[in-house]
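No hydrogens, no waters, no symmetry mates; every other heavy atom, side chains included, goes into these values. Residue numbers start from 1 in every chain, and the chains themselves are labelled A, B, ... in the order their sequence lines are given, proteins ahead of strands.
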Amino acid sequence: MTSLIDELSEWTGSAFEDLELPKEMGRVTLSDRPDLAQFQCNGALAAAKLAKKNPREIAAAVVDKLKAMPAFSEITIAGPGFINLKLSDTFLSARISAVAHDARFGVPLATEPKTIMIDFGGPNVAKPMHVGHLRSSIIGDSLQRLITFAGDKTVSDIHLGDWGLQMGQLISEIEIQMPDLPYFAPGAEGPFPKESPVSLEDLEALYPQAAAACKIDEDRKELARQATAKLQSGHPGYRALWKHFIDVSLSAIKREYQLLDVTFDLWKGESDVNDLIDPLVNDIEAKGFSEISDGALIVRVERDDDKSEIPPLILRKSDGSVMYGTTDVATIQDRMTTYDPDTVLYVVDQRQHLHFEQVFRTVNKIGLADSEKFEHIGFGTMNGTDGKPFKTREGDVMKLFDLIAMAREQASKRIEEAGLAVDQTDEQRAEVARMVGLAAIKFADLSNHRLSNYIFDLERFTAFEGKTGPYLLYAAVRIKSILRRAKDEGLDGEVETLSVTSDAERGLVLELLKLPDAISGAYEKRAPNILCDFVYAVAQAFSRFYSMHHILSEPDDALRRSRLALCALTLGEIELVLGLLGIEIPERM
RNA sequence: GACCCCGUAGCUCAGCUGGAUAGAGCAACGGAUUUCUAAUCCGUAGGUCGCAGGUUCGAAUCCUGCCGGGGUCGCCA
């Protein structure tokens with residue numbers, strides 16, 4: 001099924017074509033003036049310029065061709081040549097009935113599926129996950145759900161930060177604090193102890209100590225650099241110790257993603273391409289793409305038409321170790337051979353934009369892959385209510401785990417205040433609070449355009465009223481409740497055709513028919529906020545419908561069933577879209 | 001200094017492949033309920049779309065300059 005707006009565009013496009021005007025000019029959009037029309041086409045104005053004719057004349061000619069179609073109840077020309085369209089209730093009724101009987105609610109499935117990889121620019125091993133990881137997780141997860149639904153094949157990779165300087169900082173810190181450990185014995189080849197010498201808590205304490213020491217002391221930093229280089233070149237003790245870090249942190253990282261309900265196909269990291277690096281770097285060198293500069297091996301990626309200076313990508317530092325630019329290039333090589341993706345999305349903070357520009361140019365230059373295949377899906381920062389980067393009351397970085405807990409507690413408080421879920425067990429209430437808290441966070445994050453910075457205000461996000469996750473859950477749960485009662489009381493039944501008889505019904509139907517456009521818009525722009533706007537508009541239209549018509553008490557059997565079917569369809573679309581946003585809906589609340 | 005992102009109602013944000021009267025939510029004010037879960041619905045008020053030019057029949061949207069906020073600019077990620 002094509003989207004309604006595409007189908008209307010097809011019709012008006014053909015009319016333009018008949019007049020020997022470009023078909024694209026027939027593009028139909030939602031009306032800017034809902035008081036006058038449901039849809040509009042502004043093509044006559046552009047066509048007038050092209051054909052050097054009067055726009056109203058062109059509009060009149062187009063309208064003449066469309067007049068015969070029974071789908072339209074009203075076609076008018078307004079102003080300088082806007083074509084205003086209204087669809088007949090009969091047409092809308094047939095259309096919405098078809099959508100109601102379609103498992104995909106009229107959303108087309110990709111005819112030529114692509115393979116799209118999603119790189120989440122994952123957390124660093126040994127560092128606690130903080131609020132900075134929230135956006136990449138939520139946005140990336142929504143994109144993977146959306147793209148999968150659209151019919152493409154997605155392969156998501158958490159892509160852990162496990163091979164950079166932070167590893168050397170940590171290893172050297174432990175070596176300083178616990179020099180007697182077997183990992184540090186000169187010439188030690190192993191085997192080394194199976195038990196980790198450090199716990200997760202140790203790691204979380206050690207990393208800040210190491211980072212702080214390196215920041216103020218150049219000699220200390222040099223130790224970290226050396227440790228990094230030795231780790232990467234295969235020092236057995238360091239490798240063994242490093243492996244412990246990974247194992248210990250991974251359990252924590254997995255726990256956090258489970259709380260967020262975010263999953264990955266691949267749990268790879270920077271270190272996974274280590275074996276590819278030497279051959280790759282040698283090859284780049286041999287082919288003459290690189291050069292030595294200040295002791296480092298670099299690839300120049302600047303171009304003549306650059307507006308600003310693009311620094312080179314450093315393949316190998318002067319101490320011989322590699323940074324994430326090199327592992328990112330090697331990872332692309334790995335992905336191209338293993339998955340041959342059409343596109344790779346990097347869901348990473350916008351501040352790293354230059355880095356990705358360098359990486360994409362590098363792979364293009366060395367002939368590894370066309371840089372067009374790669375997209376940096378950047379996002380802005382999450383700020384506190386003071387407009388500054390989000391911190392705890394004490395001024396520390398807020399841990400992700402704590403943030404999720406806060407949202408759950410806040411949701412729990414709200415539920416209690418509102419006297420909801422009183423007939424449920426404590427466990428059920430806790431589960432509802434979990435879902436409401438998560439919905440609050442996710443919906444608030446995703447409803448902002450990803451590039452803009454946004455203010456994290458839990459009070460507002462968990463509010464009962466307005467454009468929030470909890471409101472949407474409530475709307476969905478209310479529909480579930482009606483459907484449940486209808487079933488229990490035997491009031492439902494099969495419905496062939498949904499009727500469109502009132503303003504409230506028409507309004508809801510028109511919203512529901514926008515689903516394919518919301519999906520394609522969000523897909524093309526990689527912008528989940530479009531889904532948020534859509535689902536909120538549907539919920540609002542439903543609330544209006546719900547307040548206008550008392551469904552279960554409707555005496556006319558056919559009308560009641562039709563309205564119940566409309567409820568079911570509304571619920572279906574809300575469930576689908578909230579699902580694409582990674583938001584779960586409880587059965588009742 | 002160069003470059004990137006942002007600047008839209010009192011607040012938080014959409015809209016930005018140019019089109020008619022710039023939209024939501026919150027807050028404010030006025031209504032609706034013996035409810036199918038009112039975490040709701042209806043209505044009113046609120047905007048020189050940062051500023052100044054330019055392109056265009058038409059600019060929040062495109063171009064140029066400036067102002068303000070954030071960010072980035074070779075051996076961190």
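Pair assignment for B:C73 gives B:G1, based on Watson-Crick or G-U wobble hydrogen-bonding distances that are each under 3.5 Å. Taking a pair to require two hydrogen-bonding distances under 3.5 Å in either a Watson-Crick or a G-U wobble arrangement, B:C51 pairs with B:G65. Shown here, B:A22 forms no base pair; nothing in the strands shown gives a Watson-Crick or G-U wobble contact with both key distances under 3.5 Å. If you check B:U44 for Watson-Crick or wobble pairing at under 3.5 angstrom, you find it paired to B:A28.
By the 30° and 60° cut-offs, the orientation of the rings of A:F456 relative to A:F390 is perpendicular.
OP1 and OP2 of B:C13 both lie 4.0 Å or more from every side-chain N or O belonging to A:K467. Phosphate proximity of B:C41 to A:Y471: present, with a side-chain N or O under 4.0 Å from OP1 or OP2. Contact annotation: A:S308 does not reach the phosphate of B:U72 (side-chain N/O to OP1 or OP2, under 4.0 Å). Contact annotation: A:S547 does not reach the phosphate of B:U40 (side-chain N/O to OP1 or OP2, under 4.0 Å). Note on A:N529: a side-chain N or O is less than 4.0 Å away from OP1 or OP2 of B:G15. In terms of phosphate contacts, A:Q540 brings a side-chain nitrogen or oxygen within less than 4.0 Å of OP1 or OP2 of B:G25.
In this structure, the aromatic ring of A:F82 is positioned over the six-membered ring of the base of B:A20, centres within 5.5 Å and planes within 30°.
Comparing B:U56, B:U37, B:C76 by their nearest atom to the side chain of A:K49 picks out B:U56. Distances were taken from every side-chain heavy atom of A:I455 (C-beta onward) to each of B:C13, B:A77, B:A20; the shortest belongs to B:C13. Picking from B:A77, B:C41, B:C73 the nucleotide with the shortest atom distance to the side chain of A:R544 gives B:C41. The A:R588 side chain lies nearest to B:U37 when the options are B:U37, B:C76, B:U72. Taking every side-chain heavy atom of A:L45 into account, B:G19 is the closest of B:A20, B:C4, B:G19. For A:K307, whose side chain is taken as the heavy atoms from C-beta onward, the closest listed nucleotide among B:A14, B:C73, B:C4 is B:C4. Of the candidate nucleotides B:C76, B:A24, B:U56, B:C76 has the atom lying nearest to any side-chain atom of A:R225. Residue A:R478 places its side chain closer to B:U40 than to any other of B:C16, B:U40, B:C76. Comparing atom distances between the A:R351 side chain and each of B:A14, B:U37, B:G71 picks out B:G71 as nearest.
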Note to self: Using salt bridge (charged side-chain N to carboxylate O under 4.0 Å, His left out), reason through A:R429 and A:E416 one step at a time and then give a plain yes or no.
What the structure shows: CA-CA 9 Å; A:R429 259 203 306 280; A:E416 199 175 325; over 6 Å; no
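Following rounding to the nearest Å, A:I585 (CD1) and B:U37 (P) show an atom-to-atom distance of 17 Å. We find that NZ of A:K52 is positioned 14 Å from C1' of B:C57, with the value rounded to whole Å. Atom CD1 of A:I530 is separated from atom P of B:G15 by 7 Å (rounded to the nearest Å). A:F356 has its CZ atom 16 Å from the C1' atom of B:G71, to the nearest Å. Rounded to an integer number of Å, the gap from A:L446 CG to B:A14 C1' is 14 Å. The distance from atom NE2 of A:H550 to atom P of B:U37 is 8 Å, rounded to the nearest whole Å. Atom NE2 of A:H376 is separated from atom C1' of B:C3 by 16 Å (rounded to the nearest Å). Straight-line distance from the CG atom of A:D162 to the P atom of B:C76: 17 Å, rounded to whole Å.
Stacking of A:R526 on the aromatic ring of A:Y523 is recorded, both the 6.0 Å distance cut-off and the 45° axial limit being met.
A residue-by-residue look at A:E587 and A:N124 shows that A:E587 has its nearest nucleotide of RNA chain B further toward the 5' end. Mapping A:H449 and A:Y536 onto RNA chain B by nearest heavy atom places A:H449 closer to the 5' end of the strand.
For a distance-only test at 3.5 Å, the side chain of A:Q40 qualifies as a donor-acceptor partner of the base of B:A20. Residue side chain A:S293 reaches the base of B:G74 through a donor-acceptor N/O pair under 3.5 Å, judged by distance alone. The base of B:A2 lies outside donor-acceptor range of the side chain of A:D306, with no N or O pair under 3.5 Å.
Using P as the reference atom, B:G10 and B:C51 are 13 Å apart when rounded to the nearest Å. Atom name C1', nucleotides B:G31 and B:U17: the rounded distance is 43 Å, in whole Å. Spacing between B:A27 and B:U12 at atom C1', rounded to whole Å, works out to 11 Å. Only the P atoms considered, B:G15 is 15 Å distant from B:G23, to the nearest whole Å. Taking atom C1' on both nucleotides, B:A59 is separated from B:U48 by 15 Å, rounded to a whole Å.
No contact: A:N54 has no heavy atom under 4.0 Å from any strand. Within 4.0 Å of A:L354, counting heavy atoms only, lie sugar-phosphate atoms of the nucleic acid but no base atom. Heavy atoms of A:G161 sit nowhere under 4.0 angstrom from any nucleic acid atom. Residue contacts shown for A:I551 include a base, since a base heavy atom lies under 4.0 Å away. Across all strands shown, A:H353 has no heavy atoms under 4.0 Å from either base or sugar-phosphate atoms. Within the nucleic acid shown, A:L165 comes within 4.0 Å of sugar-phosphate atoms alone, with no base atom in reach, counting heavy atoms only. Within 4.0 Å (heavy atoms only), A:A46 reaches at least one base atom of the nucleic acid. Residue contacts for A:M548: at a heavy-atom cut-off of 4.0 Å it reaches no nucleic acid atom on any strand shown. Using a 4.0 Å heavy-atom distance criterion, A:S452 is classed as a sugar-phosphate-only contact. As judged by a 4.0 angstrom heavy-atom cut-off over every strand, A:S318 is placed among the base-contacting residues. Contacts of A:V477 with the nucleic acid, taken as non-hydrogen atoms under 4.0 Å apart, include base atoms. No contact: A:E524 has no heavy atom under 4.0 Å from any strand. Counting any heavy atom pair closer than 4.0 Å across all strands shown, A:D294 reaches a base atom.
Once rounded to the nearest 0.5 Å, the distance linking CG of A:N529 with CG of A:L446 reads 8.5 Å.
A salt bridge does not link A:E302 to A:R361: none of the charged nitrogens lies less than 4.0 Å from a carboxylate oxygen. A salt bridge links A:K399 with A:E204: at least one charged nitrogen is closer than 4.0 Å to a carboxylate oxygen.
Inspection of the A:Q410 and A:E459 side chains reveals an N or O donor paired with an N or O acceptor under 3.5 Å. No side-chain donor-acceptor contact under 3.5 Å links A:E511 and A:Y536.
When A:F360, A:F120, A:F379 are each tested for a ring pair (Phe, Tyr, Trp, His ring centres under 6.0 Å) with A:Y346, only one passes: A:F360. For the side-chain hydrogen bond (donor to acceptor under 3.5 Å, both in side chains) with A:W163, the qualifying choice from A:T327, A:N274, A:T326 is A:N274, the only one to do so.
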